[in-house]
Participant: 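The structure is given below, and queries will be raised subsequently.
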There are 2 protein chains.
Amino acid sequence: MNLKKYTDYSLRVLIFTGLKHGEERARIKEISDVYNISQEHVRKVVHDLVKRGLVESTRGRGGGIRLAKPANEINIGMLVRELEQDFVLLECFDQGVNHCVISPGCSLKHIINKALGAFFKVLEEYTLEDLIHNEEELKTLMGMDTGDRKQ
Amino acid sequence: MNLKKYTDYSLRVLIFTGLKHGEERARIKEISDVYNISQEHVRKVVHDLVKRGLVESTRGRGGGIRLAKPANEINIGMLVRELEQDFVLLECFDQGVNHCVISPGCSLKHIINKALGAFFKVLEEYTLEDLIHNEEELKTLMGMDTGDRKQ
DNA sequence: TTAAAAGGTGTATTTTGAATACATCTTTAT
DNA sequence: ATAAAGATGTATTCAAAATACACCTTTTAA
């Protein structure tokens, strides 16, 4: 059982971006440096987040990305749901592939579904804001605490 | 997000086995036939369940497997936990691999862990007995309803 | 007006782990 | 003895994720 690294990266990109305020923008290069993830991956993730309407980007010199909406409107549960798309926890979750004869009378899928629901219910109680509430600590960890990162 | 097929298979093997009573035993061949899973895989799964002490097997003619303890003592949550072993939902779940700089101050892992806890809490409310409560229906679906499957 | 900085996009390759298959051994009832 | 049943280790296949590469477009400051 796992989530995709992609999901992990996306969340981290949002955390980083959420620490920028006003006209400040996060650059792919910065994000790539802070997390030690290749620019290529960050690019992909960012592009995807733009398509989903979670961040907005500006091209060209002085460009970068910033959140497309307030951090407290970005729900973690919904985010993870979107990023992970398919939840085929059991063969029978995917009609069309399923050929388990007992699935019509099998309670397992209901139980697993209920558990999955509980999983997301918890995630849905949080927003990006909860992930960046300790802004100063995070900035320190990222080496953004000096305030002069003009490169 | 997904579970291993292996986990799915294991649960199904247990369901089938749980439908046998008294001195009746389930044979790998039977299980393989009912679910249309190759004997090779069933073999692996069964072997694993034996090692985990969930079923006991008898070799030789007239052999087969049966539950090693009452169905209501086989907890679904514990089972899934065991079968899925590693839950590295985020990079930072695996110290040793993790190199995310913000992990010491990152709330995400706590949230995900809480959600995972909720997932298992639901599963832990059920035992194998709950999965075979509709014994007759399951037997019918499996083509075991005639009562004479002596092959 | 052009060069550099920034993101956009498609495709290719690598890696990993699950899924599957094969071969051969051991045990035991008849 | 032998056939039925499980035990076990290894090898192969396959798919998906992870990663890398190449090149395009937009913007703006010099």
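Keep in mind the model is a prediction, meaning the values are calculated, not measured. Side chains are part of it too, since the values below use all heavy atoms of this structure and drop only hydrogens, waters and symmetry mates. Chain naming here is simple, since letters A, B, ... match the order of the sequence lines and numbering starts at 1 in each.
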Participant: Can you measure B:His99 atom NE2 to D:dA18 atom P for me and round it to whole angstrom units?
Facilitator: 13 Å
Participant: Indicate, yes or no, whether a donor-acceptor pair under 3.5 Å links the base of C:dT26 to the side chain of B:Arg59.
Facilitator: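 Answer yes: a donor N or O sits under 3.5 Å from an acceptor.
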Participant: Roughly how far apart are B:Lys109 NZ and B:Glu91 CD, rounded to 0.5 Å?
Facilitator: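 Here the rounded value is 12.0 Å.
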Participant: Between B:Asp8 and B:Arg12 (salt bridge meaning N to carboxylate O under 4.0 Å), is one present in this structure?
Facilitator: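 Here B:Asp8 pairs with B:Arg12 in a salt bridge, since their nearest N and O are under 4.0 Å apart.
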Participant: In whole Å, I'd like the distance from the CZ atom of A:Arg61 to the C1' atom of D:dT25.
Facilitator: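 Atom CZ in A:Arg61 sits about 16 Å away from atom C1' in D:dT25.
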Participant: Decide side-chain contact (heavy atoms from CB on, under 4.5 Å) for B:Val13 and B:Ile37; before the verdict, give the C-alpha distance in whole Å, the side-chain angles of both, and the deciding distance to 0.1 Å.
Facilitator: CA-CA 11 Å; B:Val13 164; B:Ile37 303 172; over 6 Å; no
Participant: Starting at CG of A:Leu83 and ending at P of D:dA18, how long is that distance when rounded to a whole Å?
Facilitator: 12 Å
Participant: When you check every protein heavy atom under 4.0 Å of nucleotides 15-24 of chain C, what one-letter string (B, S, -) results, 5' to 3'?
Facilitator: ---SSBBBB-
Participant: So, OP1 or OP2 of D:dA5: does either fall under 4.0 Å of a side-chain N or O from B:Arg27?
Facilitator: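 Answer is yes, contact under 4.0 Å.
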Participant: To the nearest angstrom, how far is A:Lys51 atom NZ from C:dG10 atom C1'?
Facilitator: 11 Å
Participant: Roughly how many Å is it from CZ in A:Phe87 to P in D:dA16, rounded to a whole number?
Facilitator: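 Distance, rounded to whole Å: 16 Å.
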Participant: Counting only side-chain nitrogens and oxygens, does B:Ser57 get under 4.0 Å of the OP1 or OP2 atom of D:dA7?
Facilitator: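 Checking B:Ser57 against D:dA7: at least one side-chain N or O falls below 4.0 Å of OP1 or OP2.
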Participant: Quick test of your reading of the model: are B:Asp33 and B:Lys29 salt-bridged, counting only N-O distances below 4.0 Å?
Facilitator: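 Yes, charged N to carboxylate O under 4.0 Å.
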Participant: Ring centres of B:Phe87 and B:Phe119 under 6.0 Å apart?
Facilitator: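 Between B:Phe119 and B:Phe87, which both carry aromatic rings, the centre distance is not below 6.0 Å.
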Participant: Mind calculating the distance between CD (B:Glu56) and P (C:dT28) to the nearest angstrom?
Facilitator: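 Distance, rounded to whole Å: 14 Å.
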Participant: Can you tell me how far P of D:dA7 sits from CD of B:Gln39, to the nearest Å?
Facilitator: 13 Å
Participant: As an exercise, state the distance from CZ of B:Arg25 to CD of B:Glu23, rounded to the nearest 0.5 Å.
Facilitator: 6.0 Å
Participant: Whole Å only: how far is the CD1 atom of A:Ile28 from the P atom of C:dA4?
Facilitator: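 These atoms are roughly 20 Å apart.
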Participant: To the nearest 0.5 angstrom, please state how far the CG atom of B:Leu108 sits from the CD1 atom of A:Ile76.
Facilitator: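 B:Leu108 CG to A:Ile76 CD1: 7.0 Å, rounded to 0.5 Å.
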